[in-house]
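Here the structure comes first, spelled out in structure tokens, and everything after it is commentary.
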Amino acid sequence: MLEVKRIRKNRDFVIKSLEKRGIKDVETKVDEVIKLDDDRKTLQTESDEILSNINKASKKIGDLFKSGKGNEAESLKGEVADLKQKVGFYEEKLKETEEALEANLLEIPNVPHESVPAGVTEEDNEITEDWNGPLPQLGDEAKPHWELIEKYDLVDFNLGVKIAGSGFPVYKGKGAVLQRALIRYFLDEATKAGCLEIIPPYLVNAATARGTGQLPDKEGQMYHVTKDDLYLIPTAEVPVTNIFRGDIVNADELPYKLTAYTPCFRREAGSYGADVKGLNRVHQFDKVEMVVIAKPEDSYNILDWMVEHVRNLLKNLGLPFRILRLCGGDLGFTSALTFDFEVYSAAQKKWLEVSSVSNFETYQSNRMKIRYKNESGKSELVHTLNGSVLALARIVASLLENNQTESGIEIPSVLKPYTGFERITL
RNA sequence: GGUGAGGUGGGUGAGUGGCUUAAACCACCGGUUUGCUAAACCGGCGUACUGUAACAGGUACCGCGGGUUCGAAUCCCGCCCUCACCGCCA
């Protein structure tokens, strides 16, 4: 959530920036927060003063008893009782105000970065880098990936339905090996780029889900194990960023660059049609994620660095891709700036989102209280960033479609050391 | 799942109702001394809110939430978590 101090300091700028998201009544919401914060301060000051008087009186009572002046002590007790009643009232008010303040803050999304274009739908996203080479031209006999999968027996969706339900693919043979090869390749590249590899828990508690903002905004997106009150992770971002929840990290060690492979579980309630065909949108998919904890002054350089990392992966895989700067309306609730990567899936003739690289600035770290000591020794919130490097299912879809030939599916050369085979054939 | 023990600052760990303003030690930072390093000595060393031009000052925090009391780390109740042993088990 946003920092109240920042809202107070830059009220007009915050309002103007939030309007790029196309949400209503921004000004009202912002001013409500400021008003509640004013109330909170007043109440805090008043209740603190009374508490201070109670503390003084209590000390005095102790002294009076010790020096044998029991009578005076008894009359003081009466005064304290009055004060306690009064402070009870203020404390209750204070608690209500704090809760209202927090509830209001949770409803305000992150302030978009100045470079974010105003806009409502994905049509308004800015293509910052379009594919300037030729798109793969496939012959008439070209098949979409769900037919290729069947032809070469790489993934079995029906088996997944039998075991779990729709949207839970079962990878088989070379399909499974290709999957594993991609995971290893992505992890190796992230490690080479300086990331520490993590294998986190795949189930998380509510506090963790709240930390990265999945709760309360995206509750319906996650699978919930009610018996133990745990959530299946929708992305490695959730457990990995929460490693630092509540910490004051060592400034000298920043930035922390982490990477993790995890399966990702998403309920995708309400999805239907061509969107969910084949591997386009599934309930369980594999992803390698990168998470960075950075000093505020470094975070946008790191964002660029992450974008460059993803660009290189896609280049090395030989997949046509484009990069989008998300507009205000399409930008995630907690993000300040997001670049999406889309690869072209030649048989479907569709662009598929395979990576989303975001800077959350202090929005997550404020909720999670991740801080560091700046040079003058003051605690300051860190910036958090994350990005997919990359999401597997759709990479596989595009790879199969783009690389199909009459004699089989060609494996990109960077993957050959990992797969151990050069093409997928009948 | 059963039984027991326990949760105190960055770490170890003392503290069973008011000289606790959380001891002491370690770690860390600064200083003195010093060929260098080390040692010794001195000082500093939590978080949040509030407050101030900046200091100062105030309040809260000893797992979490309630309660008793003029006063709670300390007493009472509930919850959570950790550890150990047993059972089951990759």
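Here is the naming used below: chain letters follow the sequence lines, and residue numbers restart at 1 for every chain. Everything quoted here is computed from the prediction, not taken from an experiment. Keep in mind that the numbers below use all heavy atoms, side chains included, and drop hydrogens, waters and symmetry copies.
Atom NZ of A/Lys369 sits in a crowded spot, with more than 12 heavy atoms from other residues, nucleotides or ligands closer than 6.0 Å. Heavy atoms from other residues, nucleotides or ligands lying under 6.0 Å from CD of A/Glu150 number 12 at most. Residue A/Glu114 places its CD atom among 12 or fewer non-hydrogen atoms of other residues, nucleotides or ligands, all under 6.0 Å distant. Summarising the local packing, CD of A/Glu308 is surrounded by more than 12 heavy atoms from other residues, nucleotides or ligands at distances under 6.0 Å.
If you take atom C1' in B/G15 and the same atom in B/U82, they sit 22 Å apart, rounded to whole Å. If you take atom P in B/A38 and the same atom in B/U50, they sit 42 Å apart, rounded to whole Å. Across the C1' atoms, B/C45 and B/A24 are found 15 Å apart, a figure rounded to whole Å. The P atoms of B/C64 and B/U8 are separated by 10 Å, rounded to the nearest whole Å. Here, B/A48 and B/G11 have their C1' atoms 23 Å apart, quoted to the whole Å. To the nearest whole angstrom, the two P atoms, one in B/C77 and one in B/U68, are 15 Å apart. Annotation: B/U3 and B/G9 have their C1' atoms spaced 33 Å apart (nearest Å). The C1' atoms of B/U74 and B/G57 are separated by 29 Å, rounded to the nearest whole Å.
Heavy-atom minimum distance, A/Thr212 versus A/Thr334: O-CG2, 4.3 Å. When all heavy atoms of A/Ala236 and A/Lys287 are compared, the pair lying nearest together is N-NZ, 4.1 Å. Of all non-hydrogen atoms in A/Ser345 and A/Ser398, the two that sit nearest each other are OG-CA, 3.4 Å.
Each of A/Leu51 and A/Lys59 was matched to the nucleotide of RNA chain B holding its nearest heavy atom; the match closer to the 5' end belongs to A/Lys59. Taking the nucleotide of RNA chain B with the nearest heavy atom to each of A/Lys84 and A/Lys95, the more 5' of the two is matched to A/Lys95.
Within the structure, no pair that satisfies the salt bridge (charged side-chain N to carboxylate O under 4.0 Å, His left out) test touches residues 82-105 of chain A, not counting sequence neighbours.
Put simply, chain A comes within 4.0 Å of RNA chain B, heavy atom to any atom, from B/G18 to B/G71, going 5' to 3'.
Within the nucleic acid shown, A/Ile248 comes within 4.0 Å of sugar-phosphate atoms alone, with no base atom in reach, counting heavy atoms only. Residue A/Ser379 is in sugar-phosphate contact alone, with no base atom involved, counting any heavy-atom pair closer than 4.0 Å across all strands shown.
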Go ahead and write out RNA chain B as dot-bracket, 5' to 3': ( ) for pairs within the strand, [ ] for ones crossing earlier pairs, | when the partner sits on another strand, dots for unpaired; Watson-Crick or G-U wobble, both distances under 3.5 Å. ((((((((.[[[..)..(.....]]].(((((.......))))).(((((......))))).[[[[[..)....]]]]])))))))....
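In this pair, A/Tyr300 and A/His113 present their aromatic rings tilted. The plane angle is within the 30 to 60° band.
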